Protein chains: 2
Amino acid sequence: MTFDALDARLLLLLTDAPRLGVLECARRLGVARGTVQARLDRLSADGVLTGFPPELRLDALGYGLTAFAVLEIAQGRRGEVAEELAAIDEVCEVHATTGQGDLFVRMVARSNDDLQRVIDEVVGVPGVRRTSTSIALSTPVAPRVRPLLERIAQG
Amino acid sequence: MTFDALDARLLLLLTDAPRLGVLECARRLGVARGTVQARLDRLSADGVLTGFPPELRLDALGYGLTAFAVLEIAQGRRGEVAEELAAIDEVCEVHATTGQGDLFVRMVARSNDDLQRVIDEVVGVPGVRRTSTSIALSTPVAPRVRPLLERIAQG
DNA sequence: TCCCCTCTGGGCAGATTGTTCATGATGATC
DNA sequence: GATCATCATGAACAATCTGCCCAGAGGGGA
């Protein structure tokens, strides 16, 4: 499985203008249309490119608050707890981590009251021992992959 | 600015099949093509829908390790530190938070050695006081918005 | 040298896009 | 109750793009 500069340039292009057609991509990259099609197919087949999910500004949707929680889990109940967390709509991301905590959770909410409710729900999951939460005040660097792609593209 | 069930259903549809054409969306939603077009335009104009970035599996790209760091920052140097962090390619996300730490960082790396290097780079940013890092062992819930959309769509 | 793989450039029929228009339905305003 | 603005519909148009096919060229490895 290879990933060359052309792949990276293609993905960068699609990052900037994701609903671009194959033909237009080919033009901008200076390659044949079939090449772009083949690359996209291959990237998908290899599992590198898993999709183009819509990127939403949750705050514009009413979910203006983001909070993080570190959960300490009772012995051997991690999987079970993770499942319960996944069932909570406002839980947007869960990682199992090394270190002080066992699970790391990102969640969103509409208001302070709403956040209180979500947090209660999260820490109320059976198997959760100790928790510590903090609220995101701002996001200096929003989730991104661009720099890595640019490096591969020899930007 | 409104966001109704149709908008949510449209976005869900695009979540599942992002490179779907407008016409096909219209068919599946059972509405006229112009309606879908208008909705997409409006969502973009309103800033709710900011794009369709390609979703990559970084591990398939060689970046198999994800780590989190909580940084305590020297008084009044948060902005400055955030800028420095943004300049590090492997830093994929930074949040300013309340609570024990001041900045929360997500980063990726190719290997343990590589991670060591990245961490050194991060904690070496001038203005960073104390740090604590942990490695993501698994990701039970990958970043998602789906449940919230489904709720709005009255799923 | 030969083989394999990829990229290229072309062509084809069929589908899709952006756009515009007139027509209803809905709901708010006066 | 009448009027107006807003939004969805369905249809039409030319232009473009898609998926698919093919033959040929070039580079790398056996």
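Everything quoted here is computed from the prediction, not taken from an experiment. Quick note on labels: first sequence line is chain A, next is B, and so on, each numbered from 1.
- Within the 4.5 Å cutoff, the side chain of B/F3 has heavy atoms near those of the B/L43 side chain.
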Nucleotide N/O to protein N/O under 3.5 Å, stretch nucleotides 5-11 of chain C:
residue: C/dC7; atom: OP1; partner: A/R39; partner atom: NE; Å: 2.8
residue: C/dC7; atom: OP1; partner: A/R39; partner atom: NH2; Å: 2.5
residue: C/dT8; atom: OP2; partner: A/A32; partner atom: N; Å: 2.9
residue: C/dT8; atom: OP2; partner: A/T35; partner atom: OG1; Å: 2.4
residue: C/dG11; atom: O6; partner: A/R33; partner atom: NH2; Å: 3.1

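- Taking 4.5 Å as the limit, some side-chain heavy atom of B/P54 sits within range of a side-chain heavy atom of A/T15.
- Tested against A/L10 for a side-chain contact (heavy atoms from CB on, under 4.5 Å), the candidates A/L14, A/L12, A/L6 yield a single pass: A/L14.
- Going from atom CD of A/Q37 over to atom C1' of D/dG19 covers 7 Å, rounded to whole Å.
- Shortest non-hydrogen contact noted between B/F68 and B/M107 is C-CE, 4.3 Å.
- If you measure from atom CG of B/L23 to atom C1' of C/dG14, you get 13 Å, rounded to the nearest angstrom.
- B/D89 places no side-chain N or O within 3.5 Å of a backbone atom of A/L148 that could act as its donor or acceptor partner.
- In this structure, A/R19 atom CZ and C/dT16 atom P are separated by 14 Å, rounded to whole Å.
- Nucleotide D/dT18 holds its C1' atom 14 Å from the CD atom of B/E24, rounded to whole Å.
- For B/F104 and A/F104, the gap between ring centers is short of 6.0 Å.
- Residue contacts for A/R27: at a heavy-atom cut-off of 4.0 Å it reaches the sugar-phosphate backbone alone, with no base atom in range.
- Rounded to a whole Å, the CG atom of B/D41 is 15 Å from the C1' atom of D/dA8.
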